[in-house]
Structure formats: C-alpha cells, structure tokens
Amino acid sequence: MFPLLPSLAAACLYAGATGYQGLRLVQRARPDRHLLFAIGVLALLAHGLSLFTQLLSPNGLHLDFFTASSLIAAAVILLILLALKRMPVENLLLMLFPLGFLTVVLAQFAPSGTPPAIAEEPGILAHILLSILAYGMLTIAVFQSLLLLLQDHHLRNKHPSGLIKNFPPLQTMESLLFGFLLAGWLLLSASLVSGWLFLDDLFAQHLVHKTLLSVFAWIVFGLLLWGRHQLGWRGYKAIRWTLAGFCLLMLAYFGSKLVREFILHI
C-alpha cells in the first residue's frame with residue numbers, strides 16, 4: 001500500500017496544477033510562476049518517493065517500461081522546475097504536468113513487464129543516469145519545438161490566442177529550443193560513450209537495435225546543430241529535424257523495451 005499513497009498524491013498535484021494552468025489560460029491571464037513552482041516541487045517530491053519504492057528491489061534496479069517512463073518524466077519536470085527561476089519556460093509545464101500525471105498513474109497501476117534486475121555497478125548506473133538525462137532534455141526540446149510550431153502558426157495567421165500571447169518572443173523560443181537540443185546532444189554523447197565503456201557488448205542481440213537507433217538519433221541531432229550554426233536553420237526545418245531525431249531515440253529505448261518486456265518477455 002505504501003507506494004500507492006505518494007503515487008496518488010503526485011497524480012492529484014499534477015492534475016491540480018494542470019487545471020490551474022488551464023483555468024488561467026481560459027481567463028487569458030498568466031499563471032503565478034511561484035505557485036506553479038511550489039505545486040510542481042510538491043508533486044515531484046511525491047513522484048520521487050513513489051519511484052524510490054518502485055525502482056529498488058533486493059536484486060538491483062527494477063526498471064520496467066512504465067517505471068522507466070515515470071522516471072524520465074520526473075527528470076524532465078525536475079529540469080524545467082530548476083530552469084523556471086531563470087528562463088521563461090512555464091508554458092512547457094502545461095504539457096509536462098499531464099505527462100507526469102499519466103506516467104505516475106501507469107507506473108502504479110499498469111501491469112509490469114519482465115525486465116531483469118539491473119546490477120548496481122557504478123559504471124552501469126552512470127550510463128543509465130546519463131541516458132535518462134539525455135532523453136529528458138531531448139523530450140523538453142521536442143515539447144519546446146511543438147510550442148514553437150504553434151506560436152509560428154498563430155503569428156503567421158495573425159490570430160494569436162491567449163496562450164500565444166503569454167509566450168516569450170519567437171527568437172527567445174528558438175534560442176531555448178537550440179539550448180535544450182545542445183544540452184541533450186551532449187548528454188546523449190556522454191551516454192553513448194559510457195555505454196561503450198561499461199557495457200560488455202553494445203551490439204549484443206538484445207542491444208543492437210537500441211544502439212544503432214541511438215547512434216542515428218545522435219547523428220540527426222548533430223546535423224541539426226551543425227545546420228543551425230553553419231546554415232542558419234530555423235523554423236519548420238529545425239522542428240522537423242527535432243521530431244525525426246526524437247522518434248529515432250524513442251524507438252531506440254521505448255520501442256525495444258516494449259517489444260522485449262510485453263511481446264518477447266525477455
């Protein structure tokens with residue numbers, strides 16, 4: 001019963017924060033950043049407590065599909081809450097709080113897959129941590145790109161909605177996007193290097209798809225950053241490349257994990 005209480009508390013807090021932001025949006029008013037931050041911190045503390053009980057097992061780290069999703073969502077929300085004091089990123093929480101709600105509920109109530117426990121060796125844990133941070137940062141970049149797409153569409157049609165009026169200028173939104181992309185690409189680079197150093201065989205049968213798709217995603221994001229710096233890529237081109245790299249990355253981790261745990265049961 002113990003993991004249930006923090007999971008329900010986190011879900012209620014995420015739902016409440018989403019409802020508050022939605023209400024302020026309908027009223028065409030800015031949400032209180034301090035209130036959002038306070039609710040987000042409380043939700044994240046409850047989320048972290050539920051994850052702590054779900055992840056730890058006598059045999060090592062229990063990182064099944066839904067628990068991994070919940071962990072990455074918690075990392076994403078943590079990164080945005082840390083950035084909230086310095087950058088205008090509160091609009092991202094409008095999508096991230098529902099993501100937190102969904103993943104914490106699924107991690108608590110959805111059936112578990114069949115992942116083997118992960119031995120808590122420092123090198124392996126470092127690789128896992130870097131991977132989670134990379135996925136989290138690039139998830140933020142994708143959400144930022146979707147907001148940028150929405151903003152660009154409304155500005156082109158000269159019909160900015162209440163939400164769009166609360167956005168920072170377009171140039172600031174693009175700068176945030178490429179800042180998130182650069183940080184995510186560097187973390188993904190470190191994740192791939194740590195995997196090469198600490199995993200026995202990156203191209204073993206159960207890892208080859210994850211490795212190749214992650215490398216392809218790394219190349220896509222690297223080309224996007226190069227195109228921004230050398231060719232001035234922006235707008236729809238940048239958004240398309242961001243979504244393409246993210247799809248490859250999600251297939252690398254969640255696609256292979258879903259197939260292994262719920263279809264192949266290995």
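Just so you know, these numbers use all the heavy atoms, side chains as well, and skip hydrogens, waters and symmetry mates.
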| field | Ala217 to Leu188 - nearest heavy-atom pair and separation | value | C-CD2, 4.5 Å
| query | Quick one: CZ on Phe97 to OG1 on Thr18, what's the gap to the nearest 0.5 Å? | reply | 7.0 Å
| Test side-chain contact (heavy atoms from CB on, under 4.5 Å) applied to Leu149 and Tyr236, step by step | CA-CA 7 Å; Leu149 179 64; Tyr236 286 116; 2.9 Å; yes
| message | When you measure from the side chain of His47 to the backbone of Ser70, do you find a donor-acceptor pair of N or O atoms at a distance under 3.5 Å? | response | yes
| task | Assess whether atom CZ of Phe216 is packed by more than 12 heavy atoms of other residues, nucleotides or ligands within 6.0 Å. | result | no
| request: Check for a donor-acceptor pair, side chain of Tyr135 on one end and backbone N or O of Ala75 on the other, with a separation under 3.5 Å. | output: no
| field | Co-membership, hydrophobic cluster, residues Leu23 and Ile39, 4.5 Å side-chain | value | no
| query | Is it the case that Arg24 and Gln21 place a side-chain donor and acceptor less than 3.5 Å from each other? | reply | no
| Hey, what do you get for CG (Leu94) to CG (Leu99), rounding to the nearest 0.5 Å? | 12.5 Å
| task | Quick one: which residue pairs count as a salt bridge (charged side-chain N to carboxylate O under 4.0 Å, His left out) with a foot in residues 174-184, not counting sequence neighbours? | result | Glu174-Arg228, Glu174-Arg234
| query | In terms of hydrophobic clustering (I, L, V, M, F, W, Y; side-chain heavy atoms under 4.5 Å; direct or indirect links), are Tyr20 and Val26 co-clustered? | reply | no
| task | Answer yes or no: are there more than 12 heavy-atom neighbours, outside Phe109 itself, under 6.0 Å from its atom CZ? | result | yes
| Excluding sequence neighbours, so at least two apart, what forms ring-ring contact (aromatic ring centres under 6.0 Å, His included) with Phe221? | none
| Which heavy atom in Ile140 sits nearest to a heavy atom in Leu79, and how many Å separate them? | CD1-CB, 3.8 Å
| field | Nearest heavy atoms of Leu176 and Pro88, plus distance in Å | value | CD1-O, 4.0 Å
| note | CD of Gln144 to CG of Leu138, rounded to nearest 0.5 Å, is 13.0 Å
| Could you walk me through whether Leu106 and Ser69 pass the side-chain contact (heavy atoms from CB on, under 4.5 Å) check? | CA-CA 9 Å; Leu106 288 174; Ser69 303; over 6 Å; no
| said: By the salt bridge (charged side-chain N to carboxylate O under 4.0 Å, His left out) test, which pairs, at least two apart or in different chains, include something from residues 130-140? | reply: none
| Looking only at heavy atoms, which two atoms of Tyr14 and Gly100 are closest? And how far apart? | CD1-C, 3.5 Å
| field | By salt bridge (Lys or Arg N to Asp or Glu O under 4.0 Å) - contacts of Arg33 (at least two apart) | value | Glu90
| task | Could I get the full list of ring-ring contact (aromatic ring centres under 6.0 Å, His included) partners for Phe143, not counting sequence neighbours? | result | none
| Mind checking whether Leu130 and Leu192 have side chains closer than 4.5 Å, heavy atoms only? | no
| query | Quick one: are Leu243 and Leu146 in side-chain contact, heavy atoms under 4.5 Å? | reply | yes
| Of all heavy-atom pairs between Ala141 and Phe180, which one has the smallest distance, and what is that distance? | CB-CB, 3.9 Å
| query | Okay, side chain of Ser175, backbone of Gln171: is any donor-acceptor separation there less than 3.5 Å? | reply | yes
| message | Using the rule given for side-chain contact (heavy atoms from CB on, under 4.5 Å), can you reason through Leu129 versus Leu125, listing the C-alpha separation, both sets of side-chain angles and the distance that settles it, and then say yes or no? | response | CA-CA 6 Å; Leu129 176 62; Leu125 292 179; over 6 Å; no
| Can you tell me how far the CG atom of Leu25 sits from the CG atom of Asn91, to the nearest 0.5 Å? | 9.0 Å
| said: If you apply the rule side-chain contact (heavy atoms from CB on, under 4.5 Å), what do you find for Phe66 with Gln54, and how did you get there? | reply: CA-CA 10 Å; Phe66 292 113; Gln54 292 161 354; over 6 Å; no
| query | CG/Leu36 to CD1/Ile80 distance, rounded to the nearest 0.5 angstrom? | reply | 12.5 Å
| query | Listed by chain and number, what are the side chain to side chain donor-acceptor pair (under 3.5 Å) partners of Ser214, not counting sequence neighbours? | reply | none
| Of the non-hydrogen atoms in Thr103 and Ala73, which two are nearest, and what is the gap between them? | OG1-CB, 3.4 Å
| said: As an exercise, state the distance from CG of Leu225 to CH2 of Trp241, rounded to the nearest 0.5 Å. | reply: 11.0 Å
